[in-house]
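The block underneath contains the structure these notes are about, expressed in structure tokens.
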Amino acid sequence: MSNRSLVSIIIPVFNNQSTVEETVASVLAQDYDNLEIILVNDGSTDNTQKILEELSDQHENIQLYNKSNEGVSASRNYGFRRSHGKYVVFLDADDLLVDTFVSECAYVMDNQRTLSVVYTQVQFFERQSGIFKLPKLDFQRLLTGNCLTVTAMIRAEMFESVNMYDEKLNYVEDWEFWIRLLHKYPYFHKIEKPLFLYRRRDSQDSATDLNEKNESFIDASLYVYRKHYDLYKNHGLTMDVLLDKVNEASLYKRKYYNTWYRRLFYLVKRSFKRK
């Protein structure tokens, strides 16, 4: 029996028949010997169910759960409630882990017990290549825009203590979660290696791509701002300061979100005037 801490890899799956086998294979290839893999089939309508059943039949450490479609936040929480790991990693069903991701993150977690999260550099693949240059993480910056991807190693007891994912959100849900986690547990560590591979699909039909097109980012961002208004205010992010920071961030975001920021400025301003 391994003396390493149990790590739970939770993979929500919705109509990912073309990518989920590769994703699971990257987890099975980890050089870490105490893993449980939890697959949550979120009401898929393609051939995903059959693929997941075959994977769970072939590997003892894979658990498969089927549920009606509720979205990624509910699926992650559903998987977490059925997990047993000391640490948890959420992985989308089209992304990949380098084979040392778990071992390197768990080593840091085991040796720095105050940490809530360990994350790594991110490498794009498929439609886009190169390093995903996320902004440097500090809490003030996090309030104005996300600085992490969803895939990182989180201490499970801390994840649960901040009430997991907000199931009202299925876009920027990770950003809103990171705000709550790092407000309560501010210690984190970044591994300066690209150990997480983030797919930008050739088909441009990922949840991120589709939400960018229909401007879901705007509505979700407004929800985050309103939910945490007191936190913004307590950190000195008045209306003018916040808009300046969002404007600065938009220079980075423009190539991903086109002209969302123009409408966002107007809606955020109107939203804060109601306070």
[X] (side chain) donor-acceptor with [Y] (main chain) under 3.5 angstrom:
{"X": "Ser75", "Y": "Gly71", "result": "yes"}
{"X": "Arg180", "Y": "Val162", "result": "yes"}
{"X": "Gln63", "Y": "Ile38", "result": "no"}
{"X": "Arg155", "Y": "Lys86", "result": "no"}
{"X": "Ser26", "Y": "Leu96", "result": "no"}
{"X": "Asp94", "Y": "Thr19", "result": "no"}

Side-chain contact, heavy-atom cut-off 4.5 Å: [X] with [Y]?
{"X": "Ser5", "Y": "Met109", "value": "no"}
{"X": "Asn34", "Y": "Val7", "value": "no"}
{"X": "Leu28", "Y": "Ile37", "value": "yes"}
{"X": "Lys190", "Y": "Lys136", "value": "no"}
{"X": "Leu52", "Y": "Val20", "value": "yes"}
{"X": "Val40", "Y": "Phe80", "value": "no"}
{"X": "Thr149", "Y": "Phe196", "value": "yes"}

* Pair Thr100-Leu195, side chain to side chain contact (heavy atoms under 4.5 Å, CB included): steps then yes or no -> CA-CA 7 Å; Thr100 60; Leu195 303 180; 3.7 Å; yes
* From the options Val89, Val88, Val108, select the one residue that forms a side chain to side chain contact (heavy atoms under 4.5 Å, CB included) with Met153. =>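 For Met153, the side chain to side chain contact (heavy atoms under 4.5 Å, CB included) check succeeds only for Val89.
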* Asked: What residue among Leu143, Leu137, Asp138 forms side chain to side chain contact (heavy atoms under 4.5 Å, CB included) with Arg141?
  ->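 When side chain to side chain contact (heavy atoms under 4.5 Å, CB included) is applied between Arg141 and each of Leu143, Leu137, Asp138, only Asp138 qualifies.
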Work out which heavy atom in [X] is nearest to a heavy atom in [Y]; give both atom names and the distance.
{"X": "Leu35", "Y": "Val27", "result": "CD1-O, 3.8 Å"}
{"X": "Leu169", "Y": "Ala220", "result": "CD2-CB, 4.0 Å"}
{"X": "Trp175", "Y": "Thr144", "result": "CZ2-C, 4.0 Å"}
{"X": "Ile51", "Y": "Glu21", "result": "CG2-CG, 3.3 Å"}
{"X": "Pro194", "Y": "Ile131", "result": "CB-CD1, 3.8 Å"}
{"X": "Val224", "Y": "Ile179", "result": "CG1-CD1, 3.8 Å"}

* Asked: Residues two or more places apart in sequence or in another chain: which of them pass side-chain hydrogen bond (donor to acceptor under 3.5 Å, both in side chains) with Glu54?
  ->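 Lys50.
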* To do: Quick one: list whatever passes side-chain hydrogen bond (donor to acceptor under 3.5 Å, both in side chains) with Gln121, sequence neighbours left out.
  =>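 Gln121: side-chain hydrogen bond (donor to acceptor under 3.5 Å, both in side chains) contacts with Glu192.
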* Give the intermediate values and the outcome of side chain to side chain contact (heavy atoms under 4.5 Å, CB included) for residues Gln140 and Leu237. => CA-CA 9 Å; Gln140 192 86 352; Leu237 290 173; 4.0 Å; yes
* To do: State yes or no: are the ring centers of Tyr32 and Phe101 separated by less than 6.0 Å?
  =>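 Ring centroids of Tyr32 and Phe101 are no less than 6.0 Å from each other.
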* Asked: Tyr232 and Tyr225: aromatic ring centres closer than 6.0 Å?
  ->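 Aromatic pair counts; centres sit under 6.0 Å.
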* I would like to know whether Glu36 and Asn61 meet side-chain hydrogen bond (donor to acceptor under 3.5 Å, both in side chains); could you show each step before the answer? => CA-CA 5 Å; Glu36 64 173 5; Asn61 63 336; over 6 Å; no
Do other residues, nucleotides or ligands put more than 12 heavy atoms under 6.0 Å from [X] [atom1]?
{"X": "Glu160", "atom1": "CD", "result": "no"}
{"X": "His84", "atom1": "NE2", "result": "no"}
{"X": "Tyr187", "atom1": "OH", "result": "no"}

ILVMFWY cluster, [X] and [Y] together (side-chain gap under 4.5 Å):
{"X": "Ile154", "Y": "Leu6", "result": "no"}
{"X": "Phe132", "Y": "Ile191", "result": "yes"}
{"X": "Ile10", "Y": "Met158", "result": "yes"}

* To do: Establish, from distance only, whether the side-chain atoms of Ser103 and Asp31 form a donor-acceptor pair under 3.5 Å.
  =>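 Checked: Ser103/Asp31 side chains pair up, N/O donor to acceptor below 3.5 Å.
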* Going by atom types alone, do Ser44 and Asn16 pair a side-chain donor with an acceptor below 3.5 Å? ->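 Result is no, nothing qualifies.
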Once you round to the nearest 0.5 Å, how far does [atom1] of [X] lie from [atom2] of [Y]?
{"X": "Leu197", "Y": "Asp95", "atom1": "CG", "atom2": "CG", "result": "8.0 Å"}
{"X": "Phe177", "Y": "Asn146", "atom1": "CZ", "atom2": "CG", "result": "11.5 Å"}
{"X": "Leu91", "Y": "Ile11", "atom1": "CG", "atom2": "CD1", "result": "5.0 Å"}
{"X": "Gln49", "Y": "Leu64", "atom1": "CD", "atom2": "CG", "result": "5.5 Å"}
{"X": "Phe159", "Y": "Leu181", "atom1": "CZ", "atom2": "CG", "result": "9.0 Å"}
{"X": "Leu182", "Y": "Leu148", "atom1": "CG", "atom2": "CG", "result": "7.0 Å"}

* Salt-bridge test for Arg199 and Glu126: reply yes if a basic N is under 4.0 Å from a carboxylate O, no otherwise. =>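 Yes, charged N to carboxylate O under 4.0 Å.
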* Asked: Can you list the residues that meet the ring pair (Phe, Tyr, Trp, His ring centres under 6.0 Å) rule with Tyr119, with sequence neighbours excluded?
  ->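 Scan of Tyr119 (ring pair (Phe, Tyr, Trp, His ring centres under 6.0 Å), adjacent residues dropped) gives none.
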* Give me the ring orientation class for Phe90 and Tyr165: parallel if the planes are under 30° apart, tilted from 30 to 60°, perpendicular past 60°. =>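 Correct class here is perpendicular.
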Which pairs with one or both residues in [range] pass salt bridge (charged side-chain N to carboxylate O under 4.0 Å, His left out), sequence neighbours excluded?
{"range": "residues 163-172", "result": "Arg81-Glu167, Asp166-Lys227"}
{"range": "residues 56-76", "result": "Asp42-Lys67, Lys67-Glu70, Arg76-Asp92, Arg76-Glu173"}
{"range": "residues 97-123", "result": "Glu104-Lys193"}

* To do: Begin with the C-alpha distance, continue with both residues' side-chain angles, and end with the deciding distance and a verdict on side chain to side chain contact (heavy atoms under 4.5 Å, CB included) for Gln123 and Tyr198.
  => CA-CA 6 Å; Gln123 176 84 41; Tyr198 180 69; over 6 Å; no
* Asked: Cation-pi between Arg82 and Tyr65: NZ/CZ under 6.0 Å from ring centre and within 45° of the ring axis?
  ->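 Yes, Arg82 sits over the ring of Tyr65.
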* To do: Quick one: do Cys147 and Trp178 satisfy side chain to side chain contact (heavy atoms under 4.5 Å, CB included)? Show the steps, please.
  => CA-CA 9 Å; Cys147 304; Trp178 294 128; over 6 Å; no
